[in-house]
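Computed from a predicted structure; not experimentally measured. Each residue takes its place number in the sequence, starting with 1.
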Amino acid sequence: MQKKLRVGVLGATGMVGQRFIQILHNHEWFDVKVIAASPNSKGKTYEEAVSGRWLLDEPIPDNIKNLTLHDINDVKAIADEVDFVFSAVNLSKDEIKKIEEDYAKTETPVVSNNSAHRWTPDVPMIIPEINPEHAEIIHAQRKRLGTSRGFIAVKPNCSIQSYAPAFAAWKEFEPYEAIVTTYQAISGAGKNFNTWPEMVGNVIPFIGGEEEKSEKEPLRIFGHIQGSEIVPAKEPVISAQCIRIPVLYGHTAAAFVKFRKAPDSKEQLISLLNNFKGVPQDANLPTAPKQFIRYMEEDNRPQVALDVNYEGGMGVSIGRLRQDNIYDWKFVGLSHNTLRGAAGGAVECAELLVSQKYIEAK
């Protein structure tokens, strides 16, 4: 790409917004030109706005520190300065739906980390390695919105990233039923141990809304386009429990799965994991992991402390694959929830949409 695309980050001061800022620093294709947050932050420099609440280990990038924050509601002013925006705004679902559509209607594509539009029938929800073809629904969405360039695309919930890729890799065996328990990091709630000291040494067996997302969102990922909507798959039927545990980064999943067609061997399943790839790998997209999924042979892996940053946090680690006496097979998966599962997944999605010519310079 000869000239970088101009990017805006909506909701730049929150946990996911901070991740966007960190990932986009020195990005090969994208250049952050506008940062925006709530009206209370308008006019402050980014450094001032996140003072005392910068949540990442990495420092604030020098080229962002002194950028002045816009009000996210100044839609036209922001749209005039960027080619597209990332959205990580912290509002109600109805407010998010409206403001993301407002940006799209200014002919500014929106790539969102938010859940508000994940079930809008003509909004693609994409894991780039698994369902890049769902971007084709953008044509129908543009007709509905009355745009020629603007649209909304979203990435799925962080909780599904540690097991849905395995189901995709094993698609030929037709997984039709699964039990999944996710053990989710506190950064998934936008917090660290300083802001959530009650989580030190604690486990909370409830995360609002997560179990429904964990059960239903993979079906939309595995669905198909029919007319002007994405029709979710009917299988695998998933039953999920989601538990908050005292780690900072990394969602772990313990999964049990039944197949309609029996694989030949454990080795065949492992080979399919290690060799699974998609458009991001073939196109060498900037943030795409070289190897999307790796299988770990050790009995005590994957571990959050050792493996969460695999492939810069954009890869998925699978281990402990073995036959089960009730289900067919069981395994443990691990993914980074704020990189692969949130801002990083959205950035890779935007890269995919650029490669497909859905996002271009204004």
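Around NZ of Lys44, the count of heavy atoms belonging to other residues, nucleotides or ligands within 6.0 Å exceeds 12. In the displayed structure, Glu212 atom CD is contacted under 6.0 Å by at most 12 heavy atoms of other residues, nucleotides or ligands. Counted within 6.0 Å of CD on Gln303, heavy atoms from surrounding residues, nucleotides or ligands total more than 12; the atom is thus considered enclosed. Heavy atoms of other residues, nucleotides or ligands lying less than 6.0 angstrom from CG of Asn300 number more than 12. For Asn90, the CG atom sits in a loose shell: 12 or fewer heavy atoms of surrounding residues, nucleotides or ligands are nearer than 6.0 Å.
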- prompt: Given the rule in the salt bridge (Lys or Arg N to Asp or Glu O under 4.0 Å) test, do Arg260 and Glu177 qualify, once you have shown the distances and angles that lead to the verdict?
  reply: CA-CA 9 Å; Arg260 281 213 162 76; Glu177 186 176 305; over 6 Å; no
query: What do the steps show when you test Thr195 against Asn192 for side-chain hydrogen bond (donor to acceptor under 3.5 Å, both in side chains), and what is the final call?
result: CA-CA 5 Å; Thr195 58; Asn192 60 20; 3.2 Å; yes
task: Please report the C-alpha distance between Arg320 and Asp299 in whole Å, then the side-chain angles of each, then the deciding distance to 0.1 Å, and finally whether the salt bridge (Lys or Arg N to Asp or Glu O under 4.0 Å) criterion is met.
output: CA-CA 6 Å; Arg320 300 207 68 214; Asp299 288 338; 5.6 Å; no
- request: Could you check Glu311 against His336 for side-chain hydrogen bond (donor to acceptor under 3.5 Å, both in side chains), going step by step and ending with a plain yes or no?
  value: CA-CA 10 Å; Glu311 287 278 16; His336 197 301; over 6 Å; no
- prompt: Hey, mind stepping through Phe84 and Tyr103 against ring pair (Phe, Tyr, Trp, His ring centres under 6.0 Å) and telling me if it holds?
  reply: CA-CA 9 Å; Phe84 75 99; Tyr103 275 92; over 10 Å; no
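Checked for salt-bridge contact, Lys362 and Glu107 miss the test: no charged N lies under 4.0 Å from a carboxylate O. In this structure, Asp83 pairs ionically with Arg6, as a charged nitrogen and a carboxylate oxygen lie closer than 4.0 Å. Residues Asp122 and Arg142 are not paired through a salt bridge, judged by the lack of any N-O separation under 4.0 Å between the basic side chain and the carboxylate. Ion pairing between Arg301 and Asp307 holds under the 4.0 Å rule for side-chain N and carboxylate O. Taking a cutoff of 4.0 Å between a charged side-chain nitrogen and a carboxylate oxygen, Lys33 and Asp31 qualify as a salt bridge. Salt bridge annotation for Lys330-Asp324: present, with a cationic side-chain nitrogen under 4.0 angstrom from a carboxylate oxygen. For Lys4 and Glu28, the salt-bridge test fails: no basic side-chain N is under 4.0 Å from an acidic carboxylate O. Salt bridge annotation for Asp102-Lys105: absent, with no cationic side-chain nitrogen under 4.0 angstrom from a carboxylate oxygen. Ion pairing between Glu348 and Lys155 fails under the 4.0 Å rule for side-chain N and carboxylate O. Ionic pairing of Arg340 and Glu129 is present here: one or more N-O contacts between side-chain nitrogen and carboxylate oxygen are shorter than 4.0 angstrom.
Side-chain atoms of Gln184 and Asn337 form no donor-acceptor pair, as typed in the model, at a separation below 3.5 Å. Defined by atom type and a distance below 3.5 Å, a donor-acceptor pair is missing between the side-chain atoms of Thr45 and Asn66. Judged purely by distance below 3.5 Å, without hydrogens or angles, the side chains of Gln323 and Asp328 never pair a donor atom with an acceptor atom. No hydrogens or angles considered: nothing links the side chains of Asp94 and Ser92 as a donor-acceptor pair under 3.5 Å. There is no side-chain donor-acceptor pair under 3.5 Å between Gln141 and His117. In this structure, a donor-acceptor pair under 3.5 Å is present between the side chains of Lys290 and Asn284. Judged by distance alone, the side chains of Gln241 and Glu211 never bring a donor and an acceptor atom under 3.5 Å apart. Using a 3.5 Å distance cut-off with no hydrogens or angles, the side chains of Gln291 and Arg294 do not pair a donor with an acceptor. For the residue pair Ser214 and Ser159, a side-chain donor N or O sits within less than 3.5 Å of a side-chain acceptor on the partner.
Between the side chain of Trp54 and the backbone N or O of Glu58, at least one donor-acceptor pair lies under 3.5 Å. One N or O on the side chain of Glu215 and one on the backbone of Ala240 form a donor-acceptor pair closer than 3.5 Å. Side chain of His224 to main chain of Ala233: no donor-acceptor pair is present (N/O by atom type, distance under 3.5 Å, no hydrogens or angles). Although no hydrogens or angles enter the test, the distance criterion places a donor-acceptor pair under 3.5 Å between the side chain of Ser355 and the main chain of Leu352.
Taking the six-membered ring for Trp and the full ring otherwise, Tyr358 and His139 have centroids separated by under 6.0 Å. The ring of Trp170 has its center closer than 6.0 angstrom to the ring center of Phe331.
Linking ILVMFWY residues whenever their side-chain heavy atoms come closer than 4.5 Å, directly or via other members, places Val111 and Trp29 in the same cluster.
Because its NZ or CZ atom is not both nearer than 6.0 Å to the ring centre of Tyr46 and within 45° of the ring axis, Arg53 does not count as a cation-pi partner of that residue.
Counting heavy atoms from C-beta outward, Val82 and Val7 have side chains that stay 4.5 Å or more apart.
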